[in-house]
Amino acid sequence: MAWDGVALLEREDATSGARILIAIHSEALGPATGGTRMKSYPDAEAARADAMRLAEGMTYKWAAAGFPRGGGKAVLAVPPDFRAGERPGLLRRYGAFMRELGGRFWTGADVGTSSGDMDVIAEEGAPYVFSRTPGNGGAGDSGTWTAIGVAASIEAACARLFGSRSLSGRRVVVQGAGSVGLPLIEILTAQGAEVEFGDVSPEAGRSLPPAVRRIGADEVYGRPCDVFAPCALGATLNAQTIPRLACRAVAGSANNQLSTAEDAERLAARGILYAPDFVVNAGGAVAITGIEALGWTRERAGREVRAIGETLDRVFDIAREAKITPDAAARRLAEERLTEASRVR
Ligand code: PHE
(Lines give C-alpha, C1' and ligand atoms only; values in the text may rest on other atoms or scores of the structure.)
Protein backbone atom coordinates (compact mmCIF):
# COMPACT_ATOMS: atom_id res chain seq x y z
CA MET A 1 0.00 0.00 0.00
CA ALA A 2 1.25 3.48 -0.90
CA TRP A 3 1.51 5.58 2.22
CA ASP A 4 2.99 9.05 2.45
CA GLY A 5 3.08 9.17 6.26
CA VAL A 6 5.87 10.12 8.66
CA ALA A 7 6.49 6.92 10.64
CA LEU A 8 5.06 3.59 11.66
CA LEU A 9 6.30 2.65 15.12
CA GLU A 10 5.94 -0.92 16.24
CA ARG A 11 6.52 -2.88 19.40
CA GLU A 12 5.77 -6.47 20.27
CA ASP A 13 4.27 -6.97 23.67
CA ALA A 14 5.69 -10.40 24.46
CA THR A 15 3.78 -10.73 27.76
CA SER A 16 0.34 -10.52 26.14
CA GLY A 17 1.17 -11.60 22.58
CA ALA A 18 -0.18 -8.29 21.29
CA ARG A 19 1.44 -5.98 18.75
CA ILE A 20 1.44 -2.24 19.45
CA LEU A 21 1.40 -0.02 16.36
CA ILE A 22 1.55 3.75 16.33
CA ALA A 23 1.16 5.33 12.90
CA ILE A 24 2.12 8.99 12.54
CA HIS A 25 0.84 10.25 9.22
CA SER A 26 1.29 14.03 9.37
CA GLU A 27 2.61 16.62 11.81
CA ALA A 28 1.97 19.61 9.53
CA LEU A 29 -0.88 21.09 11.59
CA GLY A 30 0.19 19.94 15.07
CA PRO A 31 1.13 16.86 17.07
CA ALA A 32 -0.24 13.59 15.67
CA THR A 33 -3.47 12.73 17.50
CA GLY A 34 -5.90 9.88 17.00
CA GLY A 35 -7.72 7.07 18.69
CA THR A 36 -6.42 3.76 19.98
CA ARG A 37 -8.12 0.83 18.30
CA MET A 38 -8.04 -2.60 19.93
CA LYS A 39 -8.91 -5.55 17.75
CA SER A 40 -7.73 -8.88 16.34
CA TYR A 41 -6.41 -8.97 12.79
CA PRO A 42 -5.77 -11.89 10.43
CA ASP A 43 -2.05 -10.99 10.39
CA ALA A 44 0.47 -8.26 11.22
CA GLU A 45 0.28 -6.78 7.72
CA ALA A 46 -3.47 -6.23 8.04
CA ALA A 47 -2.96 -4.49 11.38
CA ARG A 48 -0.24 -2.23 9.92
CA ALA A 49 -2.38 -1.35 6.91
CA ASP A 50 -5.31 -0.46 9.18
CA ALA A 51 -3.15 1.75 11.44
CA MET A 52 -1.66 3.58 8.46
CA ARG A 53 -4.96 4.12 6.70
CA LEU A 54 -6.68 5.30 9.88
CA ALA A 55 -3.81 7.69 10.66
CA GLU A 56 -4.14 9.18 7.18
CA GLY A 57 -7.86 9.58 7.80
CA MET A 58 -7.07 11.55 10.96
CA THR A 59 -4.84 13.94 8.98
CA TYR A 60 -7.78 14.75 6.70
CA LYS A 61 -10.20 14.85 9.62
CA TRP A 62 -8.25 17.48 11.58
CA ALA A 63 -7.45 19.49 8.46
CA ALA A 64 -11.05 19.55 7.18
CA ALA A 65 -12.22 20.55 10.66
CA GLY A 66 -9.60 23.32 10.81
CA PHE A 67 -8.22 21.91 14.06
CA PRO A 68 -4.49 22.28 14.98
CA ARG A 69 -3.58 18.60 15.22
CA GLY A 70 -1.85 16.09 12.97
CA GLY A 71 -2.91 12.65 11.83
CA GLY A 72 -2.03 9.58 13.87
CA LYS A 73 -3.60 6.38 15.07
CA ALA A 74 -2.66 3.48 17.31
CA VAL A 75 -3.65 -0.13 16.87
CA LEU A 76 -3.37 -2.71 19.63
CA ALA A 77 -3.54 -5.89 17.60
CA VAL A 78 -4.45 -8.60 20.09
CA PRO A 79 -4.45 -12.36 19.55
CA PRO A 80 -7.92 -13.91 19.07
CA ASP A 81 -7.65 -15.67 22.44
CA PHE A 82 -6.59 -12.48 24.26
CA ARG A 83 -7.62 -12.72 27.90
CA ALA A 84 -9.27 -9.90 29.85
CA GLY A 85 -6.65 -10.33 32.57
CA GLU A 86 -3.92 -9.21 30.14
CA ARG A 87 -5.68 -6.00 29.25
CA PRO A 88 -4.54 -3.59 32.02
CA GLY A 89 -0.90 -4.66 31.62
CA LEU A 90 -0.95 -4.19 27.87
CA LEU A 91 -2.59 -0.78 28.24
CA ARG A 92 0.03 0.35 30.77
CA ARG A 93 2.95 -0.82 28.64
CA TYR A 94 1.39 0.94 25.67
CA GLY A 95 1.11 4.08 27.84
CA ALA A 96 4.81 3.84 28.69
CA PHE A 97 5.62 3.54 24.97
CA MET A 98 3.58 6.69 24.32
CA ARG A 99 5.40 8.55 27.07
CA GLU A 100 8.75 7.62 25.51
CA LEU A 101 7.57 9.40 22.37
CA GLY A 102 7.36 12.56 24.47
CA GLY A 103 4.21 14.02 22.89
CA ARG A 104 4.73 13.08 19.27
CA PHE A 105 1.54 11.01 19.54
CA TRP A 106 -1.59 11.80 21.55
CA THR A 107 -4.56 9.48 21.80
CA GLY A 108 -8.21 8.98 22.73
CA ALA A 109 -10.75 6.15 22.76
CA ASP A 110 -11.72 4.38 19.55
CA VAL A 111 -13.26 1.10 18.38
CA GLY A 112 -12.55 -1.51 21.07
CA THR A 113 -11.38 0.93 23.75
CA SER A 114 -13.26 3.02 26.33
CA SER A 115 -12.74 5.98 28.63
CA GLY A 116 -11.93 3.48 31.37
CA ASP A 117 -9.14 2.09 29.18
CA MET A 118 -7.83 5.63 28.68
CA ASP A 119 -7.61 5.97 32.48
CA VAL A 120 -5.35 2.91 32.56
CA ILE A 121 -3.21 4.05 29.59
CA ALA A 122 -2.82 7.44 31.29
CA GLU A 123 -1.31 5.82 34.39
CA GLU A 124 1.87 5.60 32.31
CA GLY A 125 1.07 7.71 29.27
CA ALA A 126 -0.21 10.98 30.80
CA PRO A 127 -0.48 13.76 29.73
CA TYR A 128 -0.83 12.43 26.18
CA VAL A 129 -4.17 10.70 26.73
CA PHE A 130 -7.56 12.30 26.01
CA SER A 131 -11.08 11.07 26.77
CA ARG A 132 -10.36 9.66 30.22
CA THR A 133 -13.40 9.36 32.50
CA PRO A 134 -14.61 12.60 34.12
CA GLY A 135 -13.75 11.08 37.51
CA ASN A 136 -10.13 10.93 36.38
CA GLY A 137 -10.07 14.46 34.99
CA GLY A 138 -10.95 13.62 31.38
CA ALA A 139 -13.78 14.80 29.14
CA GLY A 140 -15.30 11.31 28.98
CA ASP A 141 -16.72 9.39 26.02
CA SER A 142 -16.65 10.98 22.60
CA GLY A 143 -19.55 9.00 21.10
CA THR A 144 -22.32 11.52 21.80
CA TRP A 145 -20.21 14.39 20.43
CA THR A 146 -19.58 12.41 17.26
CA ALA A 147 -23.31 11.69 17.00
CA ILE A 148 -24.10 15.42 17.23
CA GLY A 149 -21.80 16.01 14.25
CA VAL A 150 -23.38 13.16 12.29
CA ALA A 151 -26.86 14.59 12.94
CA ALA A 152 -25.67 18.01 11.69
CA SER A 153 -24.27 16.25 8.61
CA ILE A 154 -27.55 14.46 7.94
CA GLU A 155 -29.26 17.86 8.14
CA ALA A 156 -26.77 19.26 5.61
CA ALA A 157 -27.42 16.32 3.27
CA CYS A 158 -31.19 16.86 3.58
CA ALA A 159 -30.75 20.58 2.89
CA ARG A 160 -28.93 19.70 -0.33
CA LEU A 161 -31.45 17.06 -1.38
CA PHE A 162 -34.75 18.51 -0.22
CA GLY A 163 -34.06 22.21 0.39
CA SER A 164 -34.68 21.95 4.13
CA ARG A 165 -32.51 20.93 7.09
CA SER A 166 -35.54 19.63 8.97
CA LEU A 167 -35.38 15.94 9.83
CA SER A 168 -39.07 15.68 10.56
CA GLY A 169 -40.47 12.64 8.73
CA ARG A 170 -37.13 11.82 7.14
CA ARG A 171 -36.28 8.14 7.02
CA VAL A 172 -32.84 7.21 8.30
CA VAL A 173 -31.28 3.74 8.46
CA VAL A 174 -28.45 3.46 11.00
CA GLN A 175 -25.89 0.68 10.67
CA GLY A 176 -24.58 -0.12 14.15
CA ALA A 177 -26.21 0.89 17.45
CA GLY A 178 -22.92 1.31 19.34
CA SER A 179 -21.21 4.23 21.03
CA VAL A 180 -22.10 6.61 18.17
CA GLY A 181 -25.09 4.88 16.57
CA LEU A 182 -27.09 4.75 19.79
CA PRO A 183 -26.89 8.46 20.70
CA LEU A 184 -27.39 9.28 17.00
CA ILE A 185 -30.66 7.31 16.92
CA GLU A 186 -31.81 9.23 20.02
CA ILE A 187 -30.98 12.62 18.49
CA LEU A 188 -32.65 11.75 15.17
CA THR A 189 -35.86 10.46 16.73
CA ALA A 190 -36.02 13.54 18.99
CA GLN A 191 -35.91 15.63 15.80
CA GLY A 192 -38.84 13.72 14.32
CA ALA A 193 -37.00 11.35 11.98
CA GLU A 194 -38.20 7.79 11.40
CA VAL A 195 -35.27 5.58 12.27
CA GLU A 196 -34.47 1.93 11.63
CA PHE A 197 -31.26 0.22 12.64
CA GLY A 198 -29.34 -2.99 12.14
CA ASP A 199 -26.51 -4.45 14.19
CA VAL A 200 -24.54 -7.69 14.09
CA SER A 201 -24.86 -7.99 17.86
CA PRO A 202 -28.30 -9.11 19.12
CA GLU A 203 -27.63 -7.17 22.34
CA ALA A 204 -27.22 -3.81 20.61
CA GLY A 205 -30.02 -1.28 20.80
CA ARG A 206 -31.96 -3.13 23.50
CA SER A 207 -32.65 0.15 25.30
CA LEU A 208 -34.34 1.74 22.29
CA PRO A 209 -38.11 2.36 22.19
CA PRO A 210 -40.18 0.05 19.92
CA ALA A 211 -40.80 2.92 17.46
CA VAL A 212 -37.19 2.46 16.40
CA ARG A 213 -37.45 -0.64 14.26
CA ARG A 214 -34.71 -3.20 14.23
CA ILE A 215 -33.95 -4.77 10.84
CA GLY A 216 -31.47 -7.47 9.83
CA ALA A 217 -27.80 -6.51 9.93
CA ASP A 218 -27.50 -7.16 6.18
CA GLU A 219 -30.88 -5.58 5.34
CA VAL A 220 -29.58 -2.08 6.11
CA TYR A 221 -28.04 -1.73 2.64
CA GLY A 222 -31.15 -2.32 0.56
CA ARG A 223 -33.64 -0.61 2.85
CA PRO A 224 -35.38 2.33 1.13
CA CYS A 225 -34.64 5.53 3.06
CA ASP A 226 -33.53 9.15 2.73
CA VAL A 227 -30.21 8.73 4.53
CA PHE A 228 -28.11 5.67 5.25
CA ALA A 229 -25.79 6.21 8.24
CA PRO A 230 -22.93 3.70 8.52
CA CYS A 231 -21.84 3.83 12.17
CA ALA A 232 -20.03 0.50 12.49
CA LEU A 233 -16.69 -0.58 11.02
CA GLY A 234 -15.16 0.69 7.77
CA ALA A 235 -15.20 -0.44 4.13
CA THR A 236 -18.95 -1.08 4.11
CA LEU A 237 -19.38 0.95 0.90
CA ASN A 238 -17.97 -1.23 -1.86
CA ALA A 239 -18.64 -2.81 -5.24
CA GLN A 240 -21.01 -5.35 -3.63
CA THR A 241 -23.04 -3.03 -1.39
CA ILE A 242 -23.30 0.19 -3.45
CA PRO A 243 -25.51 -1.37 -6.18
CA ARG A 244 -27.92 -2.48 -3.42
CA LEU A 245 -28.32 0.92 -1.73
CA ALA A 246 -31.83 2.39 -1.79
CA CYS A 247 -30.97 5.69 -0.06
CA ARG A 248 -30.63 9.25 -1.38
CA ALA A 249 -27.57 10.08 0.75
CA VAL A 250 -24.94 8.42 2.92
CA ALA A 251 -23.78 10.19 6.09
CA GLY A 252 -22.40 8.23 9.01
CA SER A 253 -19.60 8.04 11.55
CA ALA A 254 -17.57 4.97 10.58
CA ASN A 255 -13.97 5.66 9.59
CA ASN A 256 -12.89 4.71 6.04
CA GLN A 257 -16.37 3.87 4.76
CA LEU A 258 -15.26 3.69 1.14
CA SER A 259 -13.55 0.40 0.42
CA THR A 260 -11.59 1.92 -2.46
CA ALA A 261 -11.28 5.42 -3.96
CA GLU A 262 -13.49 4.36 -6.90
CA ASP A 263 -16.40 3.80 -4.54
CA ALA A 264 -16.89 7.59 -4.36
CA GLU A 265 -17.49 7.51 -8.15
CA ARG A 266 -19.76 4.49 -7.81
CA LEU A 267 -21.97 6.38 -5.35
CA ALA A 268 -22.03 9.46 -7.59
CA ALA A 269 -22.94 7.33 -10.62
CA ARG A 270 -25.95 6.03 -8.71
CA GLY A 271 -26.98 9.59 -7.82
CA ILE A 272 -26.33 9.05 -4.12
CA LEU A 273 -24.99 12.05 -2.20
CA TYR A 274 -21.99 10.99 -0.13
CA ALA A 275 -21.01 13.01 2.93
CA PRO A 276 -17.28 12.24 3.39
CA ASP A 277 -16.69 10.23 6.55
CA PHE A 278 -13.72 12.22 7.79
CA VAL A 279 -15.79 15.43 7.73
CA VAL A 280 -18.91 13.87 9.24
CA ASN A 281 -17.20 12.02 12.10
CA ALA A 282 -14.82 14.69 13.42
CA GLY A 283 -17.13 15.70 16.27
CA GLY A 284 -15.79 13.38 18.96
CA ALA A 285 -12.14 14.10 18.38
CA VAL A 286 -12.74 17.85 17.96
CA ALA A 287 -14.92 18.23 21.07
CA ILE A 288 -12.80 16.10 23.39
CA THR A 289 -9.47 17.55 22.24
CA GLY A 290 -10.94 21.07 22.25
CA ILE A 291 -12.19 20.70 25.81
CA GLU A 292 -9.06 19.02 27.15
CA ALA A 293 -6.26 20.72 25.19
CA LEU A 294 -7.74 24.10 24.28
CA GLY A 295 -9.87 24.72 27.37
CA TRP A 296 -13.19 24.93 25.49
CA THR A 297 -16.43 24.95 27.47
CA ARG A 298 -18.98 22.27 26.57
CA GLU A 299 -21.09 25.01 24.92
CA ARG A 300 -18.17 25.99 22.71
CA ALA A 301 -17.53 22.34 21.86
CA GLY A 302 -21.20 21.93 20.90
CA ARG A 303 -21.03 24.93 18.56
CA GLU A 304 -17.82 23.69 16.95
CA VAL A 305 -19.27 20.23 16.40
CA ARG A 306 -22.50 21.54 14.91
CA ALA A 307 -20.40 23.66 12.51
CA ILE A 308 -19.56 20.37 10.75
CA GLY A 309 -22.91 20.91 9.01
CA GLU A 310 -21.61 24.16 7.46
CA THR A 311 -18.31 22.56 6.50
CA LEU A 312 -20.33 19.99 4.58
CA ASP A 313 -22.36 22.73 2.88
CA ARG A 314 -19.02 24.04 1.59
CA VAL A 315 -17.83 20.59 0.55
CA PHE A 316 -21.02 20.04 -1.46
CA ASP A 317 -20.60 23.50 -3.05
CA ILE A 318 -17.00 22.78 -4.06
CA ALA A 319 -18.07 19.41 -5.48
CA ARG A 320 -20.80 20.99 -7.57
CA GLU A 321 -18.64 23.86 -8.85
CA ALA A 322 -15.60 21.72 -9.65
CA LYS A 323 -17.71 18.79 -10.90
CA ILE A 324 -15.92 16.36 -8.57
CA THR A 325 -17.21 13.95 -5.92
CA PRO A 326 -17.80 15.28 -2.38
CA ASP A 327 -14.96 12.99 -1.24
CA ALA A 328 -12.55 14.66 -3.67
CA ALA A 329 -13.90 18.07 -2.67
CA ALA A 330 -13.33 17.41 1.04
CA ARG A 331 -9.80 16.20 0.32
CA ARG A 332 -9.15 19.36 -1.67
CA LEU A 333 -10.36 21.48 1.25
CA ALA A 334 -8.14 19.56 3.69
CA GLU A 335 -5.12 19.66 1.39
CA GLU A 336 -5.45 23.43 1.01
CA ARG A 337 -5.12 23.76 4.77
CA LEU A 338 -2.18 21.35 4.88
CA THR A 339 -0.21 23.18 2.15
CA GLU A 340 -1.06 26.53 3.74
CA ALA A 341 0.40 25.27 7.02
CA SER A 342 3.62 24.05 5.42
CA ARG A 343 4.01 27.43 3.64
CA VAL A 344 3.68 29.35 6.92
CA ARG A 345 6.55 27.30 8.28
N1 PHE B 1 -12.28 7.86 17.82
C2 PHE B 1 -11.81 9.20 17.55
C3 PHE B 1 -11.77 9.42 16.03
O4 PHE B 1 -11.61 8.50 15.24
C5 PHE B 1 -10.45 9.37 18.13
C6 PHE B 1 -10.30 10.40 19.21
C7 PHE B 1 -11.14 10.46 20.31
C8 PHE B 1 -9.29 11.32 19.11
C9 PHE B 1 -10.98 11.44 21.25
C10 PHE B 1 -9.11 12.30 20.06
C11 PHE B 1 -9.97 12.35 21.14
O12 PHE B 1 -11.89 10.53 15.57
Side-chain angles (χ1 to χ4, degrees), residues 21-26 29-39 50-76 94 98 103-119 121-122 125-134 136-150 153 176 178-184 230-235 252-257 276-296 298 301 304-305 308 311 330 334:
L21 299 165
I22 297 179
I24 297 177
H25 179 260
S26 167
L29 297 181
T33 306
T36 297
R37 178 164 295 204
M38 192 161 170
K39 197 171 161 291
D50 206 26
M52 292 190 286
R53 192 158 180 230
L54 288 162
E56 182 177 355
M58 288 305 300
T59 297
Y60 283 95
K61 186 182 301 195
W62 294 122
F67 199 95
R69 288 274 163 172
K73 200 90 178 192
V75 161
L76 305 180
Y94 162 56
M98 277 191 59
R104 265 193 95 181
F105 177 69
W106 297 63
T107 203
D110 199 80
V111 173
T113 60
S114 65
S115 287
D117 292 329
M118 295 302 121
D119 289 349
I121 297 167
Y128 312 118
V129 185
F130 297 127
S131 69
R132 282 164 300 149
T133 61
N136 265 300
D141 286 333
S142 59
T144 300
W145 294 110
T146 306
I148 292 169
V150 179
S153 301
S179 58
V180 178
L182 206 55
L184 175 65
C231 298
L233 287 174
S253 68
N255 281 308
N256 299 337
Q257 289 168 33
D277 50 6
F278 61 87
V279 178
V280 173
N281 68 16
V286 161
I288 298 292
T289 309
I291 291 168
E292 293 196 32
L294 304 181
W296 289 355
R298 295 180 77 81
E304 299 280 352
V305 172
I308 287 172
T311 303

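All figures in this text were calculated on a predicted structure; none of them were measured in a lab. Start at 1 and go down the list; that is how both ligands and their atoms are numbered. Index from 1, following the sequence. For the numbers below, each heavy atom of this structure counts, side chains included, while hydrogens, waters and symmetry mates do not.
Side-chain contact of T36 with T107: a donor-acceptor pair under 3.5 Å is present, judged by distance alone.
A donor-acceptor contact shorter than 3.5 Å is absent between the side chain of W145 and the backbone of A301. No donor-acceptor pair closer than 3.5 Å links the side chain of S131 to the backbone N or O of S115. Within the 3.5 Å criterion, the main-chain N or O of G149 finds a donor-acceptor partner in the side chain of S153. Looking only at distances, no side-chain donor or acceptor of E304 sits under 3.5 Å from a matching main-chain atom of V286.
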Would you mind writing out a table of all protein N or O atoms found under 3.5 Å from any N or O atom of ligand 1, naming both atoms and giving the distance to 0.1 Å?
residue	atom	partner	partner atom	Å
ligand 1	1 (N)	A109	O	3.0
ligand 1	1 (N)	D110	OD1	2.7
ligand 1	4 (O)	K61	NZ	3.0
ligand 1	4 (O)	K73	NZ	3.2
ligand 1	4 (O)	D110	OD1	3.3
ligand 1	4 (O)	N255	ND2	3.4
ligand 1	12 (O)	K61	NZ	2.6

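Identified under the salt bridge (charged side-chain N to carboxylate O under 4.0 Å, His left out) test for residues 62-72, with sequence neighbours left out: none.
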